[in-house]
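A quick note: this is a predicted structure, and the numbers were derived from the prediction, not measured. Lettering follows sequence order; numbering is per chain, from 1.
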2 protein chains.
Amino acid sequence: MEDINYIKENRLEDTGFAYTLKLISGKYKMQTLYAISLNQGPLRYNELKRLLTPISFKSLANTLRELEAAKLIYRKEYPKIPPKVEYGLTKLGESLIPVLDAICTWGEKQMK
Amino acid sequence: MEDINYIKENRLEDTGFAYTLKLISGKYKMQTLYAISLNQGPLRYNELKRLLTPISFKSLANTLRELEAAKLIYRKEYPKIPPKVEYGLTKLGESLIPVLDAICTWGEKQMK
DNA sequence: TGCGGTACTTACCTAAAGGAGAGTATAAAT
DNA sequence: ATTTATACTCTCCTTTAGGTAAGTACCGCA
């Protein structure tokens with residue numbers, strides 16, 4: 001770091017938008033979080049696959065990995081055969097639900 | 001329309017998410033709306049360009065055209081030389097601001 | 001006479017997102 | 001012995017978003 005005065009005008013570059021969007025942008029991320037929320041409890045991989053139809057295996061796996069990395073969901077593995085894995089909301093994930101609600105209900109109001 | 005019973009399970013395909021996102025997803029759409037909102041009045045093309053740095057001409061033009069097509073902003077052209085064009089929020093656009101606020105403030109809270 | 005300012009468009013290129021379809025491990029059930 | 005079920009991964013392909021750089025039209029100003 002050199003003591004240069006970086007130009008900091010009234011820019012919008014670093015607002016919370018970019019931050020929030022990094023976590024929830026993607027075709028199915030919000031739906032995934034919402035589905036778990038509506039279920040009022042964790043969901044299994046194939047349950048999510050069905051609810052998020054027509055999502056592909058690849059997208060679902062990616063979506064879940066990224067949401068987990070963002071600490072919005074947790075992954076719990078039951079080591080048995082056939083395998084069982086559950087995905088649930090973390091506290092952080094739950095704190096996003098009201099925001100998702102706002103996005104969803106605004107859209108529904110306009111769709112009519 | 002034929003009277004076939006389409007399968008309608010508990011899917012999340014057609015929630016308001018997809019609808020809202022079609023309108024506001026993109027690297028600069030929310031910031032654009034937010035910038036106009038913060039300015040409490042319409043902004044000119046080059047003012048937006050500066051505020052949305054480092055946006056490119058192409059992205060800005062695209063962003064504005066799409067927001068206008070979505071009826072979230074209006075475009076007002078003053079036929080003089082050099083040209084002057086203003087972009088402002090429509091009623092619909094204004095109705096989205098609280099949603100954008102929620103997205104932005106959630107992000108800011110997590111950034112700390 | 002040529003430069004600057006405004007609001008763009010056009011052509012080309014790259015990177016990232018997402019889809020399709022096949023393959024994997026393991027054990028219980030038939 | 002074969003099928004079924006779960007939760008994935010892997011490879012290849014197409015689509016889309018966005019960036020770069022240049023060009024355009026018009027007039028006032030020096």
Side-chain angles (χ1 to χ4, degrees), chain A residues 11-14 17-18 20-33 35-36 39 41-70 72-88, chain B residues 11-14 17-18 20-33 35-36 39 41-70 72-88:
Chain A
R11 292 197 191 154
L12 291 160
E13 287 180 74
D14 301 313
F17 288 124
T20 306
L21 289 187
K22 239 179 292 168
L23 304 185
I24 62 169
S25 76
K27 199 167 172 185
Y28 301 101
K29 286 216 187 114
M30 298 193 206
Q31 278 101 325
T32 301
L33 294 168
I36 300 174
N39 191 56
L43 284 166
R44 298 180 61 179
Y45 186 87
N46 276 349
E47 289 173 329
L48 282 164
K49 177 95 166 61
R50 275 187 285 273
L51 290 169
L52 300 173
T53 298
I55 199 173
S56 65
F57 289 120
K58 184 192 161 190
S59 276
L60 180 56
N62 267 347
T63 299
L64 293 171
R65 244 186 284 120
E66 289 172 20
L67 289 174
E68 197 195 354
L72 293 169
I73 63 173
Y74 65 85
R75 188 189 117 105
K76 189 175 180 191
E77 196 176 338
Y78 297 84
K80 55 178 189 177
I81 299 282
K84 176 178 175 182
V85 181
E86 280 182 350
Y87 295 92
Chain B
R11 290 197 192 154
L12 291 160
E13 287 182 75
D14 302 313
F17 289 124
T20 306
L21 288 187
K22 239 179 292 167
L23 305 185
I24 61 168
S25 76
K27 198 167 172 185
Y28 301 102
K29 286 218 187 110
M30 297 192 207
Q31 277 103 323
T32 301
L33 295 169
I36 300 173
N39 191 56
L43 284 166
R44 298 180 63 178
Y45 187 84
N46 275 350
E47 289 173 330
L48 283 165
K49 176 93 165 61
R50 276 186 285 271
L51 290 169
L52 300 174
T53 299
I55 199 173
S56 65
F57 289 120
K58 183 192 162 191
S59 276
L60 180 55
N62 266 348
T63 298
L64 293 171
R65 243 186 286 121
E66 289 172 22
L67 289 174
E68 196 196 355
L72 293 170
I73 63 173
Y74 64 85
R75 190 189 116 107
K76 189 174 180 192
E77 195 175 337
Y78 297 84
K80 56 178 189 178
I81 299 283
K84 176 177 174 182
V85 181
E86 280 182 351
Y87 296 91

Nearest whole Å is fine: how far is dA7(C) P from E68(B) CD? 15 Å
On DNA chain C, nearest-nucleotide positions of I55(A) versus L64(B): which is more 5'? L64(B)
Got a donor-acceptor pair under 3.5 Å from the side chain of K27(A) to the base of dG18(C)? no
Contacts of S56(B) and V85(A) projected onto DNA chain D by closest heavy atom; the upstream (5') one is V85(A)
For dA7(C), does OP1 or OP2 lie under 4.0 Å from any side-chain N or O of R44(B)? yes
Can you measure N46(A) atom CG to dA5(D) atom P for me and round it to whole angstrom units? 10 Å
Parallel, tilted or perpendicular, judged at 30° and 60°: which one describes the rings of F57(B) and Y45(B)? parallel
Donor-acceptor under 3.5 Å (K49(B) side chain, I55(B) main chain): yes
Could you check how far NZ of K58(A) sits from C1' of dA7(D), rounded to whole Å? 17 Å
Does dT9(C) have OP1 or OP2 sitting under 4.0 Å from an N or O in the side chain of R65(B)? yes
For a quick test of your reading: what N or O donor-acceptor pairs under 3.5 Å do the side chains of residues 73-81 of chain B make, sequence neighbours left out?
residue : atom : partner : partner atom : Å
R75(B)  : NH2  : E77(B)  : OE1          : 2.4
Y78(B)  : OH   : E86(B)  : OE1          : 3.1

Among the nucleotides dG19(C), dA22(C), dA7(C), whichever has the atom closest to the side chain of F57(A) is dA22(C)
Within this structure, what is the CD-to-P distance between Q31(A) and dG18(C), rounded to whole angstrom? 11 Å
Calculate the interatomic distance between K84(A) atom NZ and dA7(D) atom C1'; express it in whole Å. 13 Å
Have a look at Y87(A) and say if it touches a base, only the backbone sugar-phosphate, or nothing, with a 4.0 Å heavy-atom cut-off. sugar-phosphate
Rounded off to whole Å, could you give me the CG-to-C1' distance for the L52(B) and dG18(D) pair? 14 Å
Is there a side-chain contact between Y28(B) and the phosphate of dG19(D), meaning an N or O under 4.0 Å from OP1 or OP2? yes
Would you mind telling me which of dA27(C), dC8(D), dT6(D) lies closest to the side-chain atoms of P82(A)? dT6(D)
Taking only side-chain N and O atoms of Y45(A), does any of them lie within less than 4.0 angstrom of OP1 or OP2 on dT9(D)? no
From I24(B), L51(B), L43(B), L52(B), residue fulfilling side-chain contact (heavy atoms from CB on, under 4.5 Å) relative to T32(B): L52(B)
Measure from CG on N62(B) to C1' on dG19(D) and round the result to the nearest Å. 12 Å
Side chain to side chain, F17(B) and Y28(A), heavy atoms closer than 4.5 Å: no
Does the side chain of S59(B) get closer than 4.0 angstrom to OP1 or OP2 of dG19(D) through an N or O atom? yes
Measure from CG on L48(A) to P on dT6(D) and round the result to the nearest Å. 13 Å
